[in-house]
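Keep in mind the model is a prediction, meaning the values are calculated, not measured. Computation of the quantities below employed the complete heavy-atom set of this structure, encompassing side-chain atoms and omitting hydrogens, waters and symmetry-equivalent molecules.
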Amino acid sequence: MPGVLIGVSDRDPRPPTPRASDGHATGGRGLLLTQTMANRWGYYPEPSPPGKTVWAEVPTQPKEAITGPSAGGPEVTPLVMGQVLTALREL
């Protein structure tokens with residue numbers, strides 16, 4: 001399946017770590033979204049200045065496995081996934 005490779009760098013040399021989800025938080029969901037949407041992802045250290053780059057291969061079409069209702073959560077439709085992928089392309 002074709003995909004788009006994206007990368008985000010920061011100056012924190014620590015490996016990316018998923019955070020506990022808080023429904024009222026305004027941030028901290030980036031890695032959760034990455035793990036959910038990406039075909040594969042990873043990171044590599046940046047030597048100068050110290051930091052890291054997190055990369056992800058995101059499919060250009062929604063994954064079939066996430067088009068139905070999720071356990072205990074709202075349904076994620078192809079339209080919703082398409083909107084998310086469009087927003088990511090516009091970054």
side-chain contact (heavy atoms from CB on, under 4.5 Å) between Trp41 and Gln35, intermediate numbers included: CA-CA 7 Å; Trp41 70 276; Gln35 291 172 326; 3.5 Å; yes
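Put simply, the side chain of Val58 does not reach to within 4.5 Å of the side chain of Asn39, judged on heavy atoms.
Leu31 approaches Thr17 most closely through the heavy-atom pair CD2-C, 3.5 Å. The shortest non-hydrogen separation linking Ala56 to Ala38 is CB-CB, 4.0 Å. Looking at every heavy atom in both residues, Ser9 comes nearest to Glu46 through OG-OE2, 4.3 Å.
Ion pair Arg40/Glu57 flagged as a salt bridge, since at least one NZ, NE, NH1 or NH2 atom sits closer than 4.0 Å to an Asp/Glu carboxylate oxygen.
Looking at Lys52, its side chain never comes within 3.5 Å of a backbone N or O of Tyr43 through a donor-acceptor pair.
The distance from atom CH2 of Trp55 to atom CG of Leu5, rounded to the nearest 0.5 Å, is 7.0 Å.
Cluster membership for Ile6 and Met37, using ILVMFWY side-chain heavy atoms within less than 4.5 angstrom, is shared.
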